Amino acid sequence: NKNPASAASPHNLGEYLKQFASPQHECELHNFRLSFSQLHWDRWIIAPHRYSPQFCRGDCPRALGHRYGSPVHTMVQTLIYERLDPSVPRPSCVPAAYSPLSVLTIEPDGSIAYKEYEDMIATKCTCR
Amino acid sequence: RSRGRGDSEDAPGFLAAPEDAARQLSAVLQLPQGAGAAHALLPPLLRVLRDRGPRGWQSEEPRLQPDSRALRYMKRLYRMSATRDGIPKEQRGRLYNTVRLFTPCWECEHRPGKGDVHSVDLLFNLDRVTALEHLLKSVLLYSFDTSVPISSSITCICHLSLKEYDFSSQVCPGISHSLAFSLHFDVGKRKWVEMDVTSFLQPLIATNRRNVHMALNFTCLMGDPQRSTGLENAVNVTLVPPSLLLYLNDTSEQAYHRGSSLGPGRKSSSPLVAPPKGDRGQGNPRGKRASRQRR
């Protein structure tokens, strides 16, 4: 209130605050489930019948804060994009953590294999 | 390399075998060597990504169909090892992240001689086991077709020997070492009987031997062996040639590595803590209680 200019134009405050608000389509984890029959792999993948790899999509806020667990570099990259070189891409919404997947398959020689694979299901997203 | 679509003459071998495709693509995509072989999903994934057209993934190589009994066993193992969403269950101290079941690729049953001694020669081909899959436990898995009444108990005395081909002599395979053991079980309750042969096969698999030739002689007696030893109680048991089950720890990057959940300094007594056993039902009740208390 001390600043007569802001008092005179309340919209400036709104504009100022907007840069800290979450984007409308915020970066978040989205469900995606596929079945191996869609890939015609169900003849040799016995289990699981369905696989939910999930995916990340959305905009990254300019001032990230702790919610995304993003490193400071992410804000620096936003700064580079906005002030120094627009050819440098803005930070992207990408998976930050995964969980493994167990798969039961028929091998070409007719033997049967149970295997656990790392990083097959996205469980969390981040901006970086 | 040609960047054309679909089958390209001048890029032979791309469709020859997924592993070959993976190996050639891995040279392009800088994948670590051997990643394709260790990751059954990688070669088909690479092929789908390489062939953009709808036909890309349909040219799967033919696969031999496994024995339905073996399939049933492995489906149960899957249910006990992973959740409905396919996520590996966390069982305290479980080290294996790979289980392979092999059925004999060659078997020769000898006519029963005096009494009811059955003998059979089996050959297992373990080519699918990669160098990064380290053996933790190996089990011979029996399922029985018996003509005895369900409720009785049977004792089988098995004599197992490993045969090695002595290529220098080109005569008969020599017997490298042998093992004798007895199995006592109630036919009524069990569909499967597991016979731990880890120490027996360890030296073979550790030296990357991929063809395992076994000779099995067994006699099965009805009732408790303590009370009657004569063959008059011999029972006509038709033994379905056993499958070979290998519990392995895959150390490749793509495999799931669970830290030892026992914490520093505490080790489980065996590399496999209570692996899924036959018909013991779903999981480990103690494990359930512990997780409930934790919750």
Side-chain angles (χ1 to χ4, degrees), chain A residues 27-58 69 89 92-126 128, chain B residues 17-19 38-42 44-45 48 56-67 70-71 73-75 77-79 81-89 96-103 105 124-129 133 243-248 250 252-258:
Chain A
C27 169
E28 62 181 350
L29 186 69
H30 291 262
N31 276 333
F32 187 88
R33 176 173 275 201
L34 63 89
S35 92
F36 288 112
S37 57
Q38 288 169 276
L39 297 172
H40 302 291
W41 287 2
D42 51 330
R43 275 172 299 160
W44 58 278
I45 293 186
I46 308 168
H49 293 300
R50 278 191 295 281
Y51 167 34
S52 305
Q54 325 298 35
F55 68 92
C56 295
R57 184 176 60 196
S92 308
C93 172
V94 292
Y98 297 92
S99 76
L101 179 70
S102 296
V103 182
L104 192 64
T105 61
I106 298 175
E107 300 276 64
D109 64 359
S111 64
I112 306 171
Y114 165 85
K115 284 198 80 73
E116 298 172 348
Y117 294 108
E118 192 86 294
D119 301 339
M120 291 289 284
I121 301 173
T123 54
K124 211 168 64 172
C125 300
T126 185
R128 54 180 55 192
Chain B
E19 287 77 9
H39 196 304
L41 295 180
L42 213 53
L45 261 178
V48 166
W57 54 63
Q58 285 176 3
S59 53
E60 275 297 320
E61 77 279 19
R63 292 172 186 257
L64 296 176
Q65 281 310 302
D67 169 59
L71 208 51
Y73 182 87
M74 290 300 279
K75 281 181 180 174
L77 181 140
Y78 183 89
R79 284 195 299 274
S81 305
T83 66
R84 284 180 65 82
D85 293 325
I87 296 174
K89 287 180 182 172
Y96 67 86
N97 55 20
T98 299
V99 181
R100 290 187 179 280
L101 188 143
F102 296 91
T103 44
C105 58
F124 292 97
N125 178 295
L126 307 184
D127 278 346
R128 298 304 295 177
V129 180
E133 293 176 349
S243 303
L244 181 61
L245 202 62
L246 301 183
Y247 290 87
L248 302 150
D250 183 348
S252 68
E253 268 183 46
Q254 292 77 29
Y256 174 44
H257 304 284
R258 53 173 61 80

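Quantities reported herein were computed from a predicted structural model and do not represent experimental measurements. Proteins get letters first, then strands, A, B, ... in listed order; numbering begins at 1 in each.
- Of the listed residues A:Pro100, A:Ala47, A:Ala113, A:Gly110, the one with more heavy-atom pairs under 4.5 angstrom with chain B than any other is A:Pro100.
- In this structure, chain A has no heavy atom under 4.5 Å from any part of B:Leu245.
- With a 4.5 Å cut-off on non-hydrogen atoms, A:Ser99 touches chain B through its side chain but not through its backbone.
- In this structure, the side chains of A:Pro108 and B:Arg128 come closer than 4.5 Å at one or more pairs of heavy atoms.
- Every residue two or more places apart in sequence or in another chain was checked for a side-chain hydrogen bond (donor to acceptor under 3.5 Å, both in side chains) with B:Asp67, and none qualifies.
- The residue among B:Asp127, B:Thr98, B:Thr103 with the most heavy atom pairs within less than 4.5 Å of chain A is B:Thr98.
- Proximity of a side-chain donor or acceptor of B:Tyr256 to a complementary backbone N or O of A:Ser102 within less than 3.5 Å is not detected.
- The shortest heavy-atom contact between B:Asn125 and A:Asp109 is O-OD2, 4.4 Å.
- Taking all atoms of both residues into account, the shortest heavy-atom contact from B:Met74 to A:Leu104 is O-CD2, 3.7 Å.
- For A:His49, the NE2 atom counts as loosely surrounded, since its 6.0 Å shell holds 12 or fewer non-hydrogen atoms of other residues, nucleotides or ligands.
- The CE atom of A:Met120 sits 10.5 Å away from the CD atom of B:Gln254 when rounded to the nearest 0.5 Å.
- In this structure, the separation between OH on A:Tyr114 and CG on B:Leu248 is 12.5 Å, given to the nearest 0.5 Å.
- The candidate with the highest count of non-hydrogen atom pairs below 4.5 Å against chain B, out of A:Thr105, A:Asp119, A:Ile46, is A:Ile46.
- Closest approach of B:Ala255 and A:Glu118 over heavy atoms only: O-CB, 3.6 Å.
- Across every non-hydrogen atom of A:Arg33 and B:Asp85, the tightest pair is NH2-OD1, 3.9 Å.
- Put simply, the side chain of B:Arg100 reaches to within 4.5 Å of the side chain of A:Lys115, judged on heavy atoms.
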